[in-house]
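Shown next, in structure tokens, is the structure this report addresses.
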There are 2 protein chains.
Amino acid sequence: MLSSPEEIREQLSAHGIQPTTQRVIIAQAMLERCAHYSAEDVFVLVNRESPRVSKATVYNTLGLFAERGLVREVIANPDRVFYDTNTTAHHHFFNTTTGQLIDIPAESVKISSLPAVPSGMKMEGVDVIVRVRPDPSRNP
Amino acid sequence: MLSSPEEIREQLSAHGIQPTTQRVIIAQAMLERCAHYSAEDVFVLVNRESPRVSKATVYNTLGLFAERGLVREVIANPDRVFYDTNTTAHHHFFNTTTGQLIDIPAESVKISSLPAVPSGMKMEGVDVIVRVRPDPSRNP
DNA sequence: CTAACTGCAAACGTTTTGCAACTTT
DNA sequence: AAAGTTGCAAAACGTTTGCAGTTAG
């Protein structure tokens, strides 16, 4: 992934996001490894060594990043919104027992038919969430 | 839909749910018309005429109903979990502007390929959420 | 200099909890 | 009688807000 502050700043600018100190810190932390982060995850990650970004800023920033397409909002768990640094088209396994999300590459899912979008509406995207859980009978 | 308290009680029992007074009230209100209800919706609906069920009981009951398959949890909006009285296989349009959900019959969506479920896991179901929004160019 | 952004703490709305009282079996 | 359920109010939780102070262009 990208890592130098330089590259991060460019990425932010490319998405129309003003690269402030805190935004660079957050983007760097998130893009370092591909994962699904809750707001709390990011808050902890970013302030691990020393307090650098406030909670309000984390929330604002995640919202902004999602709006500008730098990360993607994934909603599978009622308790938490996740922000996915993988913004390419893809889907998810959702472990209903642990709440964990696992990416499914777009190619693995083929949707051969979809209904017409209601009139006056425009399709934004399609999310496929495959709910799974540990199988007691197969994993003794 | 079902409507007599008798039938409702039977439905609850059939799902392994002890048919108490409050649960019958809630089930009756929800099954009366097919829709997507938030917990607050149900709370208001059920206490419209007179206070009959507490908020805590509404939450507990919805959780129980979902667990036992009487209703289905639909998560598309970070702000609210919806409970869908349509438990047959089907999918959803999600209007990202208004937060409204619209059912898509299962037959309208054909998924021709899915990845293998991670080992030791068992598939519970597949949710397809088609995100849509008003199209300014088509609806002036 | 101006507009944009940040931090703090307080406010918010939803969901959960602890526990005594009450139903249901 | 025992087990399960309910209501209440309080707590917890994630998220948002208002505003004064700071930073970026």
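Taking the side chain as every heavy atom from C-beta outward, B:L31 and B:Q11 approach each other to under 4.5 Å. In this structure, B:Y83 and B:E73 have side chains that are in contact, with non-hydrogen atoms separated by less than 4.5 Å.
Minimum atom distance to the side chain of A:V53 is reached by C:dG7, of the listed D:dG25, C:dG7, D:dG7. Taking only side-chain atoms of B:Q22, from C-beta outward, the nucleotide of C:dT15, D:dG7, D:dT15 with the closest atom is D:dG7.
Distances shorter than 4.0 Å separate some side-chain N or O of A:R23 from OP1 or OP2 on C:dT6. When the side-chain nitrogen and oxygen atoms of B:T21 are compared with OP1 and OP2 of D:dT6, none of them lie within a distance under 4.0 Å.
Rounded to an integer number of Å, the gap from A:F43 CZ to D:dC13 P is 15 Å. Rounded to an integer number of Å, the gap from A:Y37 OH to D:dG14 P is 19 Å.
Judged by distance alone, the side chains of B:D103 and B:H36 do bring a donor and an acceptor atom under 3.5 Å apart. Side-chain contact check for B:D127 and B:H92: no donor-acceptor pair (N or O, by modelled atom type) lies under 3.5 Å.
B:Q18 comes within 4.0 angstrom of the backbone, heavy atoms only, and of no base. Note on A:S38: nothing from the nucleic acid sits closer than 4.0 angstrom, heavy atoms only.
Across all non-hydrogen atoms, the minimal contact from B:Y37 to B:A29 is OH-O, 3.8 Å. For the pair B:T87 and B:G69, the tightest heavy-atom approach, listed with the atom from each and the gap, is CG2-O, 3.6 Å.
A donor-acceptor pair under 3.5 Å is absent between the side-chain atoms of B:N60 and the main chain of B:T57, judged by distance alone. Remark: side-chain polar atoms of B:N47 are paired, donor with acceptor, to backbone N or O of B:R52 under 3.5 angstrom. Remark: the backbone N or O of A:T97 is not paired with any side-chain donor or acceptor of A:R133 at under 3.5 angstrom.
Recorded end-axis angle for the helix from C:dC1-D:dG25 to C:dT25-D:dA1 stands at 30°, based on five pairs per end and rounded to 10 degrees.
DNA chain D lies under 4.0 Å from at least one heavy atom of each of the following residues of residues 55-68 of chain B: B:A56, B:T57.
In terms of position along DNA chain C, the nucleotide closest to B:A39 lies nearer the 5' end than the nucleotide closest to the other residue of the pair B:T20 and B:A39.
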